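Remarks on the structure that follows.
Owing to the predicted nature of the structure, the values given are computational and were not obtained by experimental measurement.
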Amino acid sequence: MRFGGLAISSLLLSYVLLCSCRSSNYNVDTTSGGLVDILTKPMFEKMLPNANNDSCPARGFYTYEAFIAAAKSYPAFATTGSHEVRKREVAAFLGQTSLQTAGGIGWTPSIGPYTWGYCNKKEDSPPTDYCKPNPSYPCVAGRNYCGRGPMLLSGNSNYGKFGETIGRKKDLLQNPDLLIKNVTMAFESALWFWMTPQSPKPSPHDVMVGHWHGDEEGRRPGYGVVINIIDHFECGIGADTMVWDRIEYYQRYCDMLGVGYGKNTDCYGQSPYRD
């Protein structure tokens, strides 16, 4: 479907190159098991009890099956390191994406806080079109590259870079809403961001599995650096509500998976990354 009218031989070659690219960029310490060993469907649904609430714009969109299918394209995810490390990475990914897609401000479900993740699939009322001049990933007039999918992928460069990995760079730049027409693609975009270093930032994956050991600006491994990677505006400004919410989601999922939180879970005093 993605490759249109390419000849069969070209299609097979493209598929081999694409799979090789996705799997070879990451240092996989252990390849036994996978995401399904860490996260079952009942647990996924228990973690996200309001995802299909009538108040959620994304109700019916995010599914366990799509998450598992997308993870197969990124084989280092949830397979790297010890069982404890793997659980902590899954909790961190779900913690960040839950905050990114949480229900509206002021809406607190009756079953308690930090249970309203995955309610949105597109940024509500974006303040900008998220277009920055880039000849490799040119914006299309009239298109808004606001946040979409579990990670709320934003910016024409991110849409273009992710699009390259699935052979749909031009399609996503011309129509970024395609990202939320296919739930597996939406999860793939979130995992692409999670697994891909964007200098000077390490990848969230490398941080959570211990492949990144800190830097000269005093940042140290832990969930706090993941927050900094995803939204540096929240870091280095002292105690912040958004950071606390990200931490609470993460800790809730760690508790449900039976794993410790690790060190350095906040970024309150951490030097923020710059775009």
Side-chain angles (χ1 to χ4, degrees), residues 44 46-53 55-59 62 88-128 130 145-155 158 190 193-194 198 201-205 207-208 214-215 217-257 259-275:
F44 180 79
K46 186 176 181 180
M47 288 173 163
L48 303 166
N50 287 292
N52 294 316
N53 190 298
S55 298
C56 291
R59 61 188 176 276
Y62 296 111
R88 193 174 292 124
E89 180 179 20
V90 172
F93 177 86
L94 290 172
Q96 292 292 339
T97 52
S98 290
L99 187 283
Q100 296 290 95
T101 58
I105 296 174
W107 179 54
T108 303
S110 59
I111 60 176
Y114 310 111
T115 60
W116 59 86
Y118 285 40
C119 282
N120 292 292
K121 58 182 177 179
K122 184 175 181 179
E123 184 178 356
D124 185 34
S125 301
T128 174
Y130 291 91
Y145 301 95
C146 65
R148 294 175 176 85
M151 194 62 76
L152 289 189
L153 191 75
S154 63
N158 278 330
F193 186 91
W194 187 264
Q198 299 198 47
K201 303 175 184 179
S203 71
H205 168 76
V207 172
M208 293 306 301
D215 59 28
E217 294 190 41
R219 303 182 188 96
R220 294 293 177 263
Y223 185 71
V225 171
V226 175
I227 298 172
N228 202 339
I229 293 168
I230 292 173
D231 195 342
H232 60 82
F233 292 107
E234 298 175 7
C235 299
I237 57 175
D240 179 82
T241 301
M242 288 290 286
V243 171
W244 180 247
D245 286 345
R246 291 182 191 273
I247 294 170
E248 285 291 319
Y249 273 113
Y250 168 63
Q251 291 184 344
R252 176 172 177 263
Y253 296 147
C254 282
D255 290 344
M256 295 176 78
L257 292 174
V259 67
Y261 309 144
K263 298 179 179 179
N264 307 314
T265 58
D266 71 70
C267 63
Y268 297 146
Q270 196 176 107
S271 177
Y273 286 109
R274 302 297 180 188
D275 289 331

Q. Taking atom CG of Leu99 and atom CG of Asp245, what is their separation to the nearest 0.5 Å?
A. 6.0 Å
Q.
Taking side-chain hydrogen bond (donor to acceptor under 3.5 Å, both in side chains) as the definition, give me every residue that meets it alongside Gln198, ordered by chain and number, with sequence neighbours left out.
A. Asn158
Q. For Tyr145, what residues pass the side-chain hydrogen bond (donor to acceptor under 3.5 Å, both in side chains) criterion, not counting sequence neighbours?
A. none
Q.
Under the rule for side chain to side chain contact (heavy atoms under 4.5 Å, CB included), what residues qualify as partners of Glu234, not counting sequence neighbours?
A. Ile227, Asp231, Asp240, Met242, Val243, Arg246
Q: Just jot down the side-chain hydrogen bond (donor to acceptor under 3.5 Å, both in side chains) partners of Gln251, sequence neighbours excluded, or say none.
A: none
(Q) Run the side-chain hydrogen bond (donor to acceptor under 3.5 Å, both in side chains) test against Tyr223 and tell me which residues pass, sequence neighbours left out. (A) Gln96
**Q.** ring pair (Phe, Tyr, Trp, His ring centres under 6.0 Å) against Tyr114, all qualifying residues, sequence neighbours excluded
**A.** Trp116, Tyr249
Q) Which heavy atom in Ala92 sits nearest to a heavy atom in Met208, and how many Å separate them? A) CB-CE, 3.7 Å
Q | Minimum heavy-atom distance Gly236-Pro272, with the two atoms named | A | CA-CD, 4.4 Å
Q.
Pair Arg148, Leu153 - check side-chain contact (heavy atoms from CB on, under 4.5 Å), show working.
A. CA-CA 5 Å; Arg148 294 175 176 85; Leu153 191 75; 5.7 Å; no
**Q.** Residue pair Tyr261, Asp255: steps toward the side-chain contact (heavy atoms from CB on, under 4.5 Å) verdict
**A.** CA-CA 8 Å; Tyr261 309 144; Asp255 290 344; 2.8 Å; yes
**Q.** side chain to side chain contact (heavy atoms under 4.5 Å, CB included) against Ala91, all qualifying residues, sequence neighbours excluded
**A.** Tyr250, Tyr253, Cys254, Leu257
Q.
On a heavy-atom basis, which atom in Cys119 and which in Ala102 lie closest, and how many Å separate them?
A. CB-C, 4.2 Å
Q | Heavy-atom closest contact (Arg220 atom, Val225 atom, distance) | A | O-CG2, 3.0 Å
**Q.** Considering all heavy atoms, the nearest Ser154-Tyr130 contact
**A.** CB-CD2, 4.0 Å
Q. Sequence neighbours excluded, which residues qualify as salt bridge (Lys or Arg N to Asp or Glu O under 4.0 Å) partners of Lys121?
A. none
(Q) Among residues at least two apart in sequence or on other chains, which ones pass side chain to side chain contact (heavy atoms under 4.5 Å, CB included) with Asp215? (A) Trp212, Glu217, Arg219, Tyr273
Q | Evaluation steps, side-chain contact (heavy atoms from CB on, under 4.5 Å), between Ser98 and Leu48 | A | CA-CA 8 Å; Ser98 290; Leu48 303 166; 3.7 Å; yes
Q. Distance from Asn264 atom CG to Asn228 atom CG, nearest 0.5 Å?
A. 12.0 Å
Q. Looking only at heavy atoms, what is the nearest atom pair of Pro204 and Val226, with distance?
A. CB-CG1, 4.0 Å
Q: Could you list the residues that satisfy ring pair (Phe, Tyr, Trp, His ring centres under 6.0 Å) with Phe93, not counting sequence neighbours?
A: Phe67, Phe77, Trp194
(Q) Considering only residues two or more places apart or on different chains, which pairs with a residue in residues 262-274 satisfy salt bridge (charged side-chain N to carboxylate O under 4.0 Å, His left out)? (A) none
Q: Measure from the side-chain N and O atoms of Arg88 to the backbone N and O of Gly260, and report whether any donor-acceptor pair falls under 3.5 Å.
A: yes
Q: Applying side chain to side chain contact (heavy atoms under 4.5 Å, CB included), name anything that partners Pro49, two or more places apart in sequence or on another chain.
A: Ile111, Thr115, Arg252
